[in-house]
Engineer: 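I am attaching a structure below and will ask some questions about it afterwards.
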Amino acid sequence: MYPTEPAPLDDDELDLRAYLGVLRRRWKVIAAVAVVAVLAALGLSLRQDSMYRAESELLIRQSDSATIIANSPVINANDAARRLNNEVRLFESGAMRDAVAAAYDGPLDPAAVGASVTSDTSDVITAHLTAADPEAAAELVNLYATTFIEVRRQQRTDELLAVGEEIQAKIDDLDQRIAEVRQPLTDLEARAEAAPDNQSLATQVQELTDQLAPQLTPLQSQRSFYESQIEDLELTADVTRSSGAQVLTVAEAPDTPVSPKPIRDAAIALILGLVLGVGLAFLLDSLDERIRSVSDLEQVSGGLPTLALIPEVEKGHTDSFVAVRDDPKSTQAEAFRSLRTAVKFAGLDRPLKVIQVTSPSQGEGKTTAIANLGMALAQGGDRVAIVCCDLRRPRVQDRFGVPLTPGFTDVLVGESTLAEALRRYDANVLILPAG
């Protein structure tokens with residue numbers, strides 16, 4: 001009788017089991033790829049020269065002459081970030097590298113020094129250099145930082161001077177326009193000074209002053225504004241000469257290399273190796289056409305049902321071993337009894353008279369299957385004739401201890417009758433060897 005059939009599995013569960021099955025079958029491939037990747041990473045890492053990173057931090061004081069001209073001292077976050085990035089571009093510019101190269105006399109390349117923004121919330125940039133010589137790297141970074149400060153300070157001073165000249169030109173232009181507008185009043189004032197007793201001239205001076213006030217007042221106010229800008233510019237120039245940028249952290253020769261890092265490289269290689277190994281495992285499994293499970297068998301057979309699963313016979317048994325007869329309590333004997341039940345159910349609609357056991361190649365268990373199934377049917381009360389049709393490597397006679405001839409081929413060629421060739425093994429079993 002069949003055991004209770006388990007509930008069907010979901011597709012996701014089947015897929016998960018299939019994936020786990022691939023990993024279980026191909027774990028050696030995955031492990032081999034991972035080991036090779038780790039060893040290769042360690043080999044490459046250990047062959048590399050040690051590299052050291054020297055760093056120096058610089059504080060950039062944000063001041064811009066354009067702020068003075070536009071009279072907008074407030075700088076928003078976007079402008080601050082943009083200006084700090086511009087400082088980095090200036091740090092890495094060709095003119096700056098040429099200035100450092102002119103002052104440097106060492107084995108390293110000044111063009112290898114770089115800069116980066118430390119944080120979006122601070123005006124600090126980091127100068128850094130990675131080289132095999134830590135002492136030389138620290139020396140070049142410090143020289144680069146001080147040269148940058150000097151060049152930047154000179155550029156800012158020149159820029160402020162140029163802005164001062166521009167503002168002074170605006171003041172001169174206003175003075176000329178004021179003088180032109182005031183020229184009639186100037187002439188009248190000169191006449192009034194020459195004749196201090198002439199009350200009429202004094203009255204004319206006052207009237208003309210009132211008439212020109214709407215034109216002169218805006219010009220004079222604008223001139224006062226530019227003069228205040230000149231004063232602010234002079235103050236900014238003094239600050240620029242004394243500050244502008246400063247070194248917060250002096251670069252020191254590092255003791256620990258930044259590369260290579262064998263442990264980190266090995267860990268990364270292990271992860272990549274496992275990923276590659278899993279991919280290779282699934283590729284190999286997809287190319288493997290061997291049948292490993294019931295689902296594989298049903299897939300290649302076009303959906304034919306599987307009657308039973310028979311475990312392999314344990315090693316150590318002789319060629320005459322038949323599990324159903326010699327070890328009836330074994331798992332293999334129980335599996336053949338399950339096969340007998342399945343065959344019985346398959347013959348409910350149409351009684352089965354002949355059961356053929358075959359395989360595409362030798363050594364796949366034909367003799368084991370037919371001998372055990374025959375004995376299981378006989379033990380169930382059926383009369384069975386076990387016929388060996390394997391004319392190349394017959395083995396049925398060894399399982400039941402009967403002579404090879406006369407047999408199946410002797411009956412076919414007429415050298416023996418069927419009654420003579422059949423061997424009675426017990427009350428329900430007849431054996432017809434290959435002959």
Side-chain angles (χ1 to χ4, degrees), residues 48-68 73-163 236-261 264-265:
Q48 295 177 2
D49 295 333
S50 298
M51 302 297 289
Y52 299 86
R53 182 184 176 93
E55 293 183 348
S56 175
E57 291 184 335
L58 292 89
L59 174 63
I60 305 299
R61 301 186 185 277
Q62 298 284 7
S63 62
D64 195 337
S65 56
T67 304
I68 300 173
V74 179
I75 302 176
N76 59 40
N78 292 332
D79 288 340
R82 176 178 57 81
R83 294 183 185 187
L84 200 58
N85 287 324
N86 289 338
E87 296 290 348
V88 173
R89 299 296 180 270
L90 173 62
F91 190 94
E92 297 177 344
S93 64
M96 189 63 65
R97 298 194 188 283
D98 292 340
V100 176
Y104 178 65
D105 184 16
L108 303 180
D109 183 9
V113 180
S116 59
V117 177
T118 302
S119 170
D120 293 337
T121 59
S122 65
D123 294 333
V124 178
I125 64 174
T126 301
H128 52 79
L129 172 62
T130 301
D133 188 345
E135 299 287 345
E139 177 186 357
L140 179 54
V141 168
N142 289 327
L143 175 62
Y144 205 114
T146 55
T147 304
F148 168 74
I149 292 174
E150 294 299 329
V151 172
R152 182 181 182 278
R153 181 180 301 159
Q154 185 61 44
Q155 288 182 348
R156 292 297 183 270
T157 301
D158 295 342
E159 182 180 356
L160 291 174
L161 291 176
V163 173
T236 303
D238 293 336
V239 174
T240 301
R241 294 187 187 96
S242 60
S243 58
Q246 69 180 81
V247 176
L248 292 180
T249 304
V250 178
E252 297 181 356
D255 299 327
T256 304
V258 293
S259 67
K261 292 185 176 180
R264 180 200 61 186
D265 295 343

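Along the sequence shown, the residues carry numbers beginning at 1. The analysis underlying the following values was restricted to heavy atoms, covering all of them including side chains, and did not include hydrogens, waters or symmetry mates.
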Engineer: Checking side chain to side chain contact (heavy atoms under 4.5 Å, CB included) for the pair V113/V100: CA distance, chi angles, key distance, verdict?
Structural biologist: CA-CA 10 Å; V113 180; V100 176; over 6 Å; no

Engineer: When rounded to the nearest 0.5 angstrom, what is the spacing between OG in S56 and CZ in F148?
Structural biologist: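 CZ of F148 is found 11.0 Å from OG of S56.
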
Engineer: So how far is it from K261 NZ to S50 OG, rounded to the nearest 0.5 Å?
Structural biologist: 12.0 Å

Engineer: Just so I know, are the side chains of M51 and S259 near enough to count as touching, which here means a heavy-atom distance under 4.5 Å?
Structural biologist: yes

Engineer: Show, in sequence, the C-alpha distance, side-chain angles and deciding distance for M96 and R152, and conclude whether the side chain to side chain contact (heavy atoms under 4.5 Å, CB included) test is met.
Structural biologist: CA-CA 9 Å; M96 189 63 65; R152 182 181 182 278; 5.5 Å; no

Engineer: Which is it for L84 and V88 under the side chain to side chain contact (heavy atoms under 4.5 Å, CB included) test, yes or no, and what are the steps along the way?
Structural biologist: CA-CA 7 Å; L84 200 58; V88 173; 5.6 Å; no

Engineer: Going from OG on S93 to CG on N86, what distance comes out if it is rounded to the nearest 0.5 angstrom?
Structural biologist: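 Reported to 0.5 Å precision, the distance equals 11.5 Å.
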
Engineer: Indicate the atoms forming the closest heavy-atom contact of A131 with A137, along with that distance.
Structural biologist: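 Looks like CB-CB, 4.1 Å.
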
Engineer: Using side-chain heavy atoms (C-beta onward) and a distance below 4.5 Å, is I60 in contact with V124?
Structural biologist: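 Result no, sub-4.5 Å side-chain heavy-atom pair not found.
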
Engineer: Considering non-hydrogen atoms only, spot the tightest contact between L143 and T147 and give its length.
Structural biologist: O-OG1, 2.7 Å

Engineer: Centres of the Y104 and Y144 rings: under 6.0 Å?
Structural biologist: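 For Y104 and Y144, the ring centres are not under 6.0 Å apart.
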
Engineer: Sub-3.5 Å donor-acceptor pair from the side chain of R53 to the main-chain atoms of T130, do we have one?
Structural biologist: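 Not a single qualifying donor-acceptor pair exists.
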
Engineer: For residues A251 and V141, report the shortest heavy-atom separation together with the two atoms involved.
Structural biologist: CB-CG1, 3.8 Å

Engineer: Quick check for you: to the nearest 0.5 Å, what is the distance between I125 atom CD1 and L248 atom CG?
Structural biologist: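 Reported value, rounded in 0.5 Å steps: 10.0 Å.
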
Engineer: Distance check, rounded to the nearest 0.5 Å: H128 atom NE2 versus E57 atom CD?
Structural biologist: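 It comes to 11.5 Å.
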
Engineer: Could you tell me whether R89 and E87 make a salt bridge, using a distance below 4.0 angstrom between a side-chain N and a carboxylate O?
Structural biologist: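 Salt bridge between R89 and E87, a charged N being under 4.0 Å from a carboxylate O: no.
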
Engineer: Taking atom CD of E55 and atom OG of S116, what is their separation to the nearest 0.5 Å?
Structural biologist: 7.5 Å

Engineer: Please give me the minimum heavy-atom distance between G114 and F91, naming the atom from each residue.
Structural biologist: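 Looking at all heavy atoms of both residues, the shortest contact is O-CE2, 3.8 Å.
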
Engineer: Other residues, nucleotides and ligands only: do more than 12 of their heavy atoms fall within 6.0 Å of CD on Q48?
Structural biologist: yes

Engineer: Can you give me the closest heavy-atom contact between V151 and A99, atom names plus distance?
Structural biologist: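 Looks like CG2-CB, 4.1 Å.
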
